[in-house]
2 protein chains.
Amino acid sequence: MNSSPAPGANLAALRDHNTALVLGLLRDAGPAGASRAELADRTGLTPQAVSKITGRLRVAGLAAEAGRRASTGGKPATALRLMPEAAHAIGVHLDRDALTVTLVDLSGAEVVTRTSPLDLGAGAETVLAAVTAEAARVRAEAGGSLLGAGVALPGPLDHRTGVLHRVTGFPRWDGFPLRDALAERLGLPVVVDKDTNAAALGLVLRGCAGPAGSFAYLHLGTGLGAGLVLGGAVHRGARTGAGEFGHQVLRLDGPLCPCGDRGCIEVLCLDAVARGDVAEAARLLGTGAANLVRLLDIDLVLLGGGTLLKDAATYAAGVRDVLGAAAPVAVTPAGDRTVVEGAAELVLASLFGRDRLSGLPKAGLTHSP
Amino acid sequence: MNSSPAPGANLAALRDHNTALVLGLLRDAGPAGASRAELADRTGLTPQAVSKITGRLRVAGLAAEAGRRASTGGKPATALRLMPEAAHAIGVHLDRDALTVTLVDLSGAEVVTRTSPLDLGAGAETVLAAVTAEAARVRAEAGGSLLGAGVALPGPLDHRTGVLHRVTGFPRWDGFPLRDALAERLGLPVVVDKDTNAAALGLVLRGCAGPAGSFAYLHLGTGLGAGLVLGGAVHRGARTGAGEFGHQVLRLDGPLCPCGDRGCIEVLCLDAVARGDVAEAARLLGTGAANLVRLLDIDLVLLGGGTLLKDAATYAAGVRDVLGAAAPVAVTPAGDRTVVEGAAELVLASLFGRDRLSGLPKAGLTHSP
DNA sequence: GCAGTTTCGCAACAGCGTTGCCAAAGTGGA
DNA sequence: TCCACTTTGGCAACGCTGTTGCGAAACTGC
């Protein structure tokens, strides 16, 4: 999913790539930081190159020295760490009945979060006004260093243009240019993506996939969807349509699904949930997950979503039963913040070289005069 | 799926990237070639950079000028084209009962192909001897400009190490280091991959996916498998396990499959084939394909494999019936050469920047002294 | 015949990571 | 206490990348 118009790379692209890489490693290292030598080792760059890059980052205020490490027989290493407060991002989660807005710093840590009820079907004007108002409240904490806002909501939609399609249950949104409309209101760059994709991205930045690793995030809420991380990056497909896990046919010629097909996993699973048969719902989820693991050779299955989190342990156990040794199963470590946190990461990801396609114009924080 | 040990990029990596990009565009342009201005436009590089790159390619004998284009109001463009005979690659297709070896030039065009019967269960020594003998015959046509050999065979296996696992039906191969064993016999770099992955790669280089495009290649032979192309690159997964399409559960609690699960698409589909019910087999294939298209947002479904090609039109129609407008369906344009052609492309892909992970050490054809 | 357009190369350039060298700051043995 | 050794990391010079500025070449159209 490269931006195909200009796949050629010049020196500036090379510098940005390496800078993002280092910045990403610094973020992963956390408050303890990492030494220049460690960074050089992990990137494959020479120590001198790392020195130059970290020097630029320090001038830009994105990194700072953070004490000494114990010596291993020579000069002790100087730890470098990310300055989390150097920049912030807003995350917006538009759910069917609620609005959550969060402000996070560069490290992805929560600064403040506000949740309010919302009718996603109330019309564009009402929804936009609510988002704008909540964002303004949250924004005060950022102190001007705001990179942009990421918005996560149910699909289908087009994450490249930020235009919504027939959002499930709310067809009136079809064709609405959410990204541009919100960018104008907020005066900020805005990135829009499906809720499951945002969640997956957030989990990537939490380190749930190793470098070039993979996992599937299965989200069971009012519907059933998935976010796929392949080769370290979120797989969205050309039309942001990837992750339509709910309409995988699992029982040929089974019960009719609202989507028109028969035997979709969503209709089977939601039926089981409605009957209160959590074990069967988990078994269905597990069977679908096993299909994913086999098809995509995935390292890990992560579970989340409102319905599932109400009985997370039972679901996890049921899915684990079906998957066996095929892949480990875990519940999302971000809990009910999974989506909104990921929404904020939509903005930050490009800084850390974790996007391979973000709607944001390459944020050039280190462009020296 | 970057080679994670060294994601940092230096000037050499940048040059190789841009060179591969230009080389790839020249290959896609075919004998008609492309002008420097066109290449600059498509890569996003400056015309001057393209001139330097193509200059190196011409010195290396990989490209040459090929006449003038018609003027569009100014100086007419000079076409550049790939010199296909500058290098060759061997493709080896190890099937359960046959061995096919082919020699292709840089453009992927067939120079010579030899097919002979083979028992894949006859033991490593016998099989290796057969491959070595056939490769030697084919090799004579290359005139020394041989980059390496690509080997495609049924999985499971590890394409990064070239070590086989319990190849379906032939468990004796488990743990055999095919890549290294063959590399030693041939005195050439060798790349090993699953047959379906090789087929998918070959179709990518035929232009079946646009840049950053995607498709699924469904292969129905003695088994059922898939090669997945996502974002312009073959998706193999961390353990080369991706594409296990045959064991997608399609009928929950359905008939037992040799793999131990129930209702796998392979067992359903092969049953239908055995009954002579091609229409039902095609419907099953279509349902599985629809699952893929929805899950991965895929642009195109390509069909191939020995069993399918015997009645390609019927299968294509049946699959098309199920998929409807979700995605176009086509039969592999390479016919029964799909796999062996792809095997040869395993070697060539890295030259054209189409690998993102090839076992081959970056072939530095343009390294000037 | 001349202005305009388009292609493309030469030369000088800025900026990238690399190399060679050295200072700083520890450890550990004599 | 001293000294050899290891490890970290910066300075300066360097080679190589794509870029910029400029001009020659080659065609169209008035």
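Letters go in sequence order (proteins before strands), and every chain restarts at 1.
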>> Closer than 3.5 angstrom, by distance alone: can the side chain of A:His88 be matched with the main-chain N or O of A:Leu106 as a donor-acceptor pair?
In response: no
>> Generate the contact string for nucleotides 10-20 of chain C. Rules: B means base contact, S means sugar-phosphate contact only, - means no protein heavy atom under 4.0 Å.
In response: BB----BBBB-
> Roughly how many Å is it from CG in B:Asp41 to P in C:dC8, rounded to a whole number?
Replying inline: 13 Å
>> Any side-chain to backbone donor/acceptor pair from B:Arg179 onto B:Arg160? Under 3.5 Å, distance only.
In response: yes
>> Rounding to an integer number of Å, can you tell me how far B:Arg58 CZ sits from C:dC8 C1'?
In response: 11 Å
> With a 4.0 Å cut-off, would you call B:Arg58 and B:Glu65 a salt bridge?
Replying inline: yes
> Roughly how far, to the nearest 0.5 Å, is the CG atom of B:Leu45 from the CG atom of B:Asn18?
Replying inline: 4.5 Å
>> For the CG atom of B:Asp299 and the SG atom of B:Cys208, what is their distance to the nearest 0.5 Å?
In response: 12.0 Å
> Can you check whether B:Thr78 has a side-chain N or O nearer than 4.0 Å to OP1 or OP2 of C:dC8?
Replying inline: yes
> What's the CD-P distance between B:Glu65 and C:dT7, to the nearest Å?
Replying inline: 15 Å
> How many Å lie between CZ on B:Arg68 and P on C:dT6, as a whole number?
Replying inline: 17 Å
> For A:Arg36 and D:dT7, is the shortest distance between a side-chain N/O and OP1 or OP2 below 4.0 Å?
Replying inline: no
> With sequence neighbours left out, what residues match B:Glu184 under side-chain contact (heavy atoms from CB on, under 4.5 Å)?
Replying inline: none
